[in-house]
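Quick caveat, the model's predicted, so the values are computed rather than measured. The chains referred to below are lettered A, B, ... by the order of the sequence lines, with proteins before strands, and numbering in each begins at 1.
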2 protein chains.
Amino acid sequence: MSTKGAETRERIVDRAFRLATRDGLDGLSIGSLASEVGLSKSGLFAHFGSKEDLQVAVLRAAAERFEQVVIKQAFRAPRGLPRIRRLFENWCRWGSDPGVPGGCLFVAAAAELDDKEGRPRDYLSGVQIQLTETLAKSARLAIEAGHFRADVDCDQFAFEMFAIIFGYYHSKRLLRSPHADARAERAFERLVETSKA
Amino acid sequence: MSTKGAETRERIVDRAFRLATRDGLDGLSIGSLASEVGLSKSGLFAHFGSKEDLQVAVLRAAAERFEQVVIKQAFRAPRGLPRIRRLFENWCRWGSDPGVPGGCLFVAAAAELDDKEGRPRDYLSGVQIQLTETLAKSARLAIEAGHFRADVDCDQFAFEMFAIIFGYYHSKRLLRSPHADARAERAFERLVETSKA
DNA sequence: TTACAAATAGCACGATCGTTCGTATCTTAT
DNA sequence: ATAAGATACGAACGATCGTGCTATTTGTAA
């Protein structure tokens, strides 16, 4: 039952996702997006009831992809420090993926949406809070595995890991620093080191 | 010599600055900005040759204000650790200033401009690189003052301090975490602690 | 006060925005 | 094969965008 529509919808969202990393969620335009996927403006629009719906769909697609290539992949590593390391590596790579020209959509969207109420904002903040919790939980597992000291504040750990990622993207994408990778890695190592048992 | 024009130009830029923290530099619209300051669209436009010029003017105004209320103010503290502490406090407060509804313009602009070539991007990245250097230099002074160990990597210190600020704004503004301030402060303290002599 | 320059307004331009609607063309299940 | 429903198109809407032009107002200096 009706697979055709879902296919094109996927094509649309995929292109929109890539465009949004460059131009932001508000910078997305139905018209130019339509011509890029080879649809008429109204034909594309019919797949979403509104631009806001499209934005949410893009965020949802990004979240699913992130879950796949960053989280799920990392969870194949043994719990504890190895898994956390993988998370960090994958996360860094996530924003440097060629084929996704504009880097991490979440970083762009976070700055864009933090002052605009609405469903896109709600969805994004939900995803990010969930991600924070995943990080904290991973830290907790590292304690259980004996890799981290028992008195490590896991929520604090999640906050700092998140912060390093932000610093990394900023240094890499805006400042175009050739040392961004090294800096981020060192910061992460320092974080891990002060948490170790 | 023509002080009137400069005055209204200042009024325009000031309002645009506040608007841009909410809606971004691209989200700025000449029309709505004009009606907010009580000018006609063309009357306002005449002050800047183009929208890009307006954007640069806004960034320049933000940079001057930042220099004043964050940097200069902090530099009244004695060099070394006290000054660095002040920098951090001022910087945190800078993005929470009521009267500037949308938080830190630089954070919003950084995510917005990192993929768009042009004068706004060039100006912003210049300012941010300069800020990074200021931080690194402050760390160097802390070494000279005997507050920090001599083997502290000052550029790394700047990177990590920057990163904490990003994490802070994200946690505070998007996630609306009530613990953002505490988390940022703790992260900063950990950074300072591992740098101390 | 008069003359000149600076500052602002008014109007229009082509373009594009998100959205609606009626209609046509395809898919798919019977 | 045919009816029904999904999918897409074309045209148009009012609104707003940035940006030119030409007046008109305002401020300033002689």
Side-chain angles (χ1 to χ4, degrees), chain A residues 1-17 19-20 22-61 108-109 112-113 116-121 123, chain B residues 1-20 22-59 61 108-109 112-113 116-121 123:
Chain A
M1 46 285 287
S2 79
T3 128
K4 175 78 187 312
E7 265 177 31
T8 57
R9 204 188 128 108
E10 226 172 298
R11 249 177 45 233
I12 295 171
V13 171
D14 179 73
R15 186 84 91 185
F17 165 68
L19 277 185
R22 276 192 169 291
D23 307 323
L25 284 170
D26 252 333
L28 269 182
S29 103
I30 311 271
S32 62
L33 178 57
S35 79
E36 284 229 25
V37 259
L39 280 181
S40 71
K41 208 165 47 139
S42 54
L44 185 147
F45 187 82
H47 283 271
F48 316 87
S50 65
K51 187 179 181 182
E52 204 184 63
D53 268 14
L54 169 63
Q55 293 172 332
V56 173
V58 167
L59 284 173
R60 193 182 307 274
E112 195 181 347
L113 297 177
K116 317 200 193 215
E117 303 301 328
R119 288 188 305 112
R121 198 216 119 94
Y123 181 78
Chain B
M1 48 284 281
S2 78
T3 137
K4 175 75 186 312
E7 264 177 32
T8 56
R9 204 187 127 107
E10 226 170 298
R11 248 177 45 231
I12 296 171
V13 172
D14 178 73
R15 185 85 89 185
F17 164 68
R18 275 184 297 212
L19 277 186
R22 275 192 172 290
D23 308 322
L25 284 170
D26 254 332
L28 269 182
S29 102
I30 311 271
S32 61
L33 178 56
S35 77
E36 284 228 23
V37 274
L39 279 181
S40 71
K41 207 165 49 141
S42 56
L44 185 147
F45 187 81
H47 284 271
F48 316 86
S50 67
K51 187 178 182 181
E52 202 184 66
D53 269 14
L54 168 63
Q55 292 173 331
V56 173
V58 167
L59 284 173
E112 195 181 348
L113 297 177
K116 317 202 191 208
E117 304 301 328
R119 288 187 307 112
R121 197 215 121 93
Y123 181 78

Legend entry - Atom-pair distance (CD1 on A:I30; P on C:dC17), nearest Å: 9 Å
Legend entry - Range-with-range stems of DNA chain D (Watson-Crick or G-U pairs under 3.5 Å, three or more in a row): C:1-30 with D:1-30
Inset, instruction - Indicate yes or no: at least one non-hydrogen side-chain atom of A:D26 is less than 4.5 angstrom from one of A:Q55. - result: yes
Inset, instruction - Report yes if at least one side-chain N or O of B:S42 is closer than 4.0 Å to OP1 or OP2 of C:dC11; otherwise report no. - result: no
Legend entry - Rounded distance in Å - CD1 (B:I12) to C1' (C:dA7): 10 Å
Inset, instruction - Return the value, rounded to whole Å, for the distance between atom NZ of A:K4 and atom P of C:dT27. - result: 5 Å
Inset, instruction - Output the distance between atom NZ (A:K51) and atom CG (A:L33), rounded to the nearest 0.5 Å. - result: 10.0 Å
Inset, instruction - Could you state the atom-to-atom distance from CG of A:D23 to P of C:dC17 in whole Å? - result: 11 Å
Legend entry - Between C1' of D:dG14 and NZ of A:K41, the distance in whole Å: 12 Å
Legend entry - Residue pair B:I12 / B:V58, side-chain heavy-atom distance below 4.5 Å: no
Legend entry - Options C:dT8, C:dC17, D:dT7, nucleotide nearest the side-chain atoms of B:T8: C:dT8
Inset, instruction - Give me the residues of residues 43-55 of chain A where at least one heavy atom lies under 4.0 Å from an atom of DNA chain C, by number, or none. - result: A:F45, A:S50, A:K51
Legend entry - Nearest-Å distance for atom pair CD/C1', residues A:E10 and D:dT7: 16 Å
Legend entry - Pairwise side-chain contact, A:F45 with A:D53, heavy-atom cut-off 4.5 Å (strictly under): no
Inset, instruction - Using salt bridge (Lys or Arg N to Asp or Glu O under 4.0 Å) as the criterion, point out the one residue from B:R18, B:K41, B:R15, B:R11 that pairs with B:E36. - result: B:R15
Legend entry - Student check: side-chain heavy atoms of B:K116 and A:D23 closer than 4.5 Å: yes
Inset, instruction - Hey, could you give me the CG/CZ distance between A:L25 and A:R121, rounded to the nearest 0.5 Å? - result: 13.5 Å
Inset, instruction - Hey, could you give me the CZ/OG distance between B:R119 and B:S50, rounded to the nearest 0.5 Å? - result: 6.0 Å
Legend entry - Length of the CG-P vector between B:L33 and D:dT19, whole Å: 13 Å
Inset, instruction - Indicate, with a heavy-atom threshold strictly under 4.0 Å, whether A:L28 touches base, sugar-phosphate, or nothing. - result: sugar-phosphate
Inset, instruction - Using a 4.0 Å heavy-atom cut-off across all strands, classify A:S40 as base, sugar-phosphate, or nothing. - result: base
Legend entry - Distance in angstrom units between A:L39 CG and D:dC9 C1', rounded: 10 Å
Legend entry - Atom pair CG (B:L28) and CG (B:L54), whose distance is rounded to the nearest 0.5 Å: 6.0 Å
